[in-house]
**Student:** 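Pasting a structure here, questions to come.
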Protein chains: 2
Amino acid sequence: MTVPRRPATMADVAARAQVALSTVSRALNGRPGVSPAQAERIRAVARELHYAVSPAASGLVTGRSGAVGVLLPHIDQWFHSTALAGLEDALRGSGLDVLLYRAESAADRAAFFQSLPFRRRVDALVVIAVSLTAEESSALSGHGVPVVAVSSRIPGAPFVGIDDGAGAAGAVRHLTNLGHRRIAVIRSTNATGSFGSASTSRFAGFRQAMEERKLPVPPEYVVSAPWGMEGGSEAMAALLSSADIPTAVFTESDEVAIGALRTLRRSNLVAGRDISVMGFDNHSMADLMDLSTVAQPVREQGRIGGQMALEAMETGSVEQPETVLPTRLIVRGTTAAPGAE
Amino acid sequence: MTVPRRPATMADVAARAQVALSTVSRALNGRPGVSPAQAERIRAVARELHYAVSPAASGLVTGRSGAVGVLLPHIDQWFHSTALAGLEDALRGSGLDVLLYRAESAADRAAFFQSLPFRRRVDALVVIAVSLTAEESSALSGHGVPVVAVSSRIPGAPFVGIDDGAGAAGAVRHLTNLGHRRIAVIRSTNATGSFGSASTSRFAGFRQAMEERKLPVPPEYVVSAPWGMEGGSEAMAALLSSADIPTAVFTESDEVAIGALRTLRRSNLVAGRDISVMGFDNHSMADLMDLSTVAQPVREQGRIGGQMALEAMETGSVEQPETVLPTRLIVRGTTAAPGAE
DNA sequence: ATGAAAGCGCTAACAA
DNA sequence: TTGTTAGCGCTTTCAT
């Protein structure tokens, strides 16, 4: 495969094909007004020259960049990379590229929301699991660029996600149905030390399910720790040191639950027998660890987010701007009736 | 935060600041020839208007797009997303955006290598863990765009990765040192059904270590399966059905090893006691599963890949074009002497 | 120190 | 059906 040193321009193709520049543009973009024979000839020349349009040049004219931006807090966490894969699935074949905007630290975010660089760079922005302030949310809209929210809502933007509160409540009802009354919860904070919207909703679902059964939630049964295995591990240790150890623990994510399981194991306690543990997400590790959890379709959320972006780009709006995907309780070995042998 | 409906152009800033367009360009790009007071005034106006340069327009002039492309086979696998995070770390603060090119299927690849779209889109291309054919490799170079190889080598391109062969050989020596003589290996195929270069190198390391000890590698001790837990699970089942069950199994990745562990558990065999299992990568699950493995610094590989790309963009070449990061044997519970109780 | 103007590679009128 | 031409929003000479 021999490829010329300088990328071929449309003018090169036109010269080689002995036609005008505009004819090449028409032929390559599949526009009418070019005889089929001519078009085929031009396409052949383009292929031969390994021609690729300059998105910069065409974008300057059309106002479209040919890219979709993705704003996410992390790229190496299971939820985010899985959703991103789903988004890629949806965009595959559309000819659109994916541009990453990582907003992990407060500084990243401030920079992003000051200059809003995506306005010039992308034709749509998909925001995955970023809980925005009201100010940040409003800064996103009003440019020509459609915004889609995945997992965390953005006022005025199409949304795809799950009902975190309902999922959590269902999980806690599973515990109360088993007979648990002393149920603790491990809340998780994000990189900036606060609770994200998913976390907040799941906690609300927990409270609601407890209230339904008139079960008390003493302050020492609500522990917070940084998201992740480490945090889950520490939080469980804190719970084990309380005067009245809970019989069940609800966590906001499988990673946290798995950290909790590790502490249990090290304390010679058996999950499911001595203490029940619930996760959330159905991470691939959950099956492995026999962890009861709430499954959510993550890749699907990304896929639908991508479709919404495509639709918004084409039609200017999204028919079904609110898609709430179902969650599913998965009962495995880490939850059982209290005191069961 | 009020942001104008139409993104401000440089002309808008110039008009508001009562200066010529070119002065704005100079001021915003920190070029000499603008009085400090004027420059500050202009920057203030730009901030006020939430101005962001159009990369398309500036790129058209300068030939630089302000983006780095990343070509990878997956984005939702641990290695790839972790390396990508490292690359992001390196690019943070450079003002460069990251553009994703996913080359999972053969069709994706063919499309990518036909039009080589990155030539116009990005200022550098980082290829993460893609084993290229000679033809593909040569197609990548020769444009003005520097190419960096992470994990899998590309002839002529700066490389960062590990010594897969040495890592694998070390792991197998660990097994032979424990006294194992009947050691099997599970090889992993990728999405296109073939062995990647890392896989090939690790297998070579396995063979070498076995030869050093003059240990035989009968064909039935070399099983191949699709990469992943499922594949590992199946491969281990195949090994357990052989006439002469091995006392140790070397795998090419932790995910595969964990699948193998699952089969062991279901067969009422205990890893480390009945059969030793070695992983590779030191995935976060490895610690959890008490899996012996070979640790490699993945995020660091991505980070260095990003730095190499930056250096190549700035200077045209990379000082240290070959960085081989060390691997580290981590002995955990799944490996022990054969026949030990 | 500042301004005017050419042009980067395309698309989209408008002409022929 | 094809060709000609005016910009898109910038950077970069070249004047001033």
Side-chain angles (χ1 to χ4, degrees), chain A residues 4 6-43 45-46 49-67 95 115 117 119-123 143-144, chain B residues 4 6-43 45-46 49-67 95 115 117 119-123 143-144:
Chain A
R6 180 179 65 80
T9 71
M10 200 170 260
D12 296 331
V13 178
R16 196 81 131 67
Q18 313 241 53
V19 292
L21 192 63
S22 51
T23 304
V24 176
S25 174
R26 277 188 280 256
L28 262 31
N29 290 306
R31 291 214 196 309
V34 188
S35 72
Q38 192 77 277
E40 184 42 57
R41 239 169 41 75
I42 292 172
R43 265 180 265 120
V45 171
L49 262 39
H50 290 275
Y51 173 77
V53 299
S54 159
S58 73
L60 203 49
V61 182
T62 61
R64 270 167 284 110
S65 66
S115 69
R119 292 173 297 167
R120 300 315 206 86
R121 258 269 196 244
V122 300
D123 301 334
H143 326 281
Chain B
R6 180 179 64 79
T9 71
M10 200 170 260
D12 296 331
V13 178
R16 195 81 132 63
Q18 313 242 51
V19 292
L21 192 63
S22 49
T23 305
V24 176
S25 175
R26 279 188 278 255
L28 262 30
N29 290 308
R31 293 218 192 307
V34 188
S35 71
Q38 193 75 281
E40 184 42 55
R41 242 169 38 76
I42 291 172
R43 265 180 265 118
V45 171
L49 262 37
H50 292 276
Y51 173 77
V53 299
S54 159
S58 72
L60 203 49
V61 182
T62 61
R64 270 166 283 110
S65 68
S115 70
R119 291 173 297 166
R120 301 315 207 87
R121 258 269 194 245
V122 300
D123 301 333
H143 326 284

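Everything quoted here is computed from the prediction, not taken from an experiment. Sequence lines set the chain letters: A, B, ... in the order given, protein chains first and strands last, and positions in each chain run from 1.
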**Student:** Find the distance Asp12(A):CG to dC10(C):C1' and express it as a whole number of Å.
**Tutor:** 13 Å
**Student:** Any salt bridge (Lys or Arg N to Asp or Glu O under 4.0 Å) pairs touching residues 16-29 of chain A, not counting sequence neighbours?
**Tutor:** Arg16(A)-Glu48(A)
**Student:** Quick check: do Thr23(A) and Gln18(A) have side-chain heavy atoms less than 4.5 Å from each other?
**Tutor:**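 SC-SC contact between Thr23(A) and Gln18(A) ruled out.
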**Student:** Toward the 5' end of DNA chain D, which comes first, Thr23(A) or Ser54(B), by nearest nucleotide?
**Tutor:** Thr23(A)
**Student:** How many Å lie between CE on Met10(A) and C1' on dC8(C), as a whole number?
**Tutor:** 14 Å
**Student:** Considering non-hydrogen atoms only, spot the tightest contact between Ala39(A) and Ala27(A) and give its length.
**Tutor:**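 Smallest interatomic distance, heavy atoms only, reads CA-CB, 4.1 Å.
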**Student:** Hey, does Ser65(B) have a side-chain heavy atom less than 4.5 Å from the side chain of Arg120(B)?
**Tutor:** no
**Student:** Expressed as a whole number of angstroms, how long is the span from Leu21(A):CG to dG3(D):C1'?
**Tutor:**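 These atoms are roughly 10 Å apart.
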**Student:** For Ser115(B) and Tyr51(A), work out which heavy atoms get closest and say how close.
**Tutor:**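 Closest pair (atom of Ser115(B), atom of Tyr51(A), distance): CB-O, 4.4 Å.
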**Student:** Give the rounded distance in Å between these two atoms: CG of Leu60(A) and C1' of dG9(C).
**Tutor:**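 The answer, rounded to whole Å, is 9 Å.
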**Student:** Looking only at heavy atoms, what is the nearest atom pair of Pro7(A) and Asp12(A), with distance?
**Tutor:**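 So the minimum-distance heavy-atom pair works out to O-OD2, 4.3 Å.
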**Student:** What pair of heavy atoms forms the shortest contact from Ala17(B) to Ile42(B), and how long is it?
**Tutor:**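 For Ala17(B) versus Ile42(B), the nearest heavy atoms are CB-CG1, 4.2 Å.
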**Student:** Calculate the interatomic distance between Ile42(B) atom CD1 and dC10(D) atom P; express it in whole Å.
**Tutor:** 14 Å
**Student:** What's the closest nucleotide to the Arg64(A) side chain, out of dT11(D), dA12(C), dC10(C)?
**Tutor:** dA12(C)
**Student:** What's the CG-P distance between Leu28(A) and dA12(C), to the nearest Å?
**Tutor:**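 From Leu28(A) CG to dA12(C) P: 13 Å.
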**Student:** Please tell me if Tyr51(B) has a side-chain N or O lying less than 4.0 Å from either OP1 or OP2 of dC10(D).
**Tutor:**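 For dC10(D), OP1 or OP2 has a side-chain N or O of Tyr51(B) closer than 4.0 Å.
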**Student:** Taking any heavy-atom pair under 4.0 Å as a contact, classify Ser35(A): base, sugar-phosphate, or nothing.
**Tutor:**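 Ser35(A): backbone/sugar contact only, no base atoms under 4.0 Å.
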**Student:** Using the closest heavy atom to pick a nucleotide of DNA chain C for each, name whichever of Arg120(B) or Pro32(B) lands nearer the 5' end.
**Tutor:**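 Nearer the 5' end of the strand: Pro32(B).
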**Student:** How long is the line joining CG of Asn29(A) and P of dA12(C), in whole Å?
**Tutor:**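 The distance from CG of Asn29(A) to P of dA12(C) comes to 8 Å, rounded to the nearest Å.
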**Student:** Kindly point out which of dT1(D), dG3(D), dC10(D) is positioned nearest to the side chain of Val19(A)?
**Tutor:** dG3(D)
**Student:** Going by atom type alone, with no hydrogens or angles, which donor-acceptor pairs under 3.5 Å involve a side-chain atom of residues 28-35 of chain B and a protein atom two or more places apart or on another chain?
**Tutor:**
| residue | atom | partner | partner atom | Å |
| --- | --- | --- | --- | --- |
| Asn29(B) | ND2 | Ser25(B) | O | 2.9 |
| Asn29(B) | ND2 | Ser25(B) | OG | 3.4 |
| Ser35(B) | OG | Gln38(B) | N | 3.3 |

**Student:** Heavy atoms from C-beta onward define the side chain here; which of dG9(C), dG9(D), dT11(C) lies closest to that of Val61(B)?
**Tutor:**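 The closest nucleotide is dG9(D).
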**Student:** For dC10(C), take OP1 and OP2 only and decide whether either is under 4.0 Å from a side-chain N or O of Thr62(A).
**Tutor:** no
**Student:** When you check the phosphate oxygens OP1 and OP2 of dT2(D), does a side-chain N or O of Gln38(A) lie under 4.0 Å from one of them?
**Tutor:** yes
**Student:** Quick one: which protein N/O atoms are closer than 3.5 Å to N/O atoms of nucleotides 13-16 of chain C? Pair and distance per line, please.
**Tutor:**
none

**Student:** Taking only the side-chain heavy atoms of Ala57(B) (C-beta and beyond), determine which of dA1(C), dC10(C), dC10(D) contains the nearest atom.
**Tutor:**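 Among dA1(C), dC10(C), dC10(D), the one nearest the side chain of Ala57(B) is dC10(D).
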**Student:** On the nucleotide dT12(D), are OP1 or OP2 found under 4.0 Å from the side-chain N or O atoms that Arg31(B) carries?
**Tutor:**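 Checking dT12(D) against Arg31(B), a side-chain N or O does come within under 4.0 Å of OP1 or OP2.
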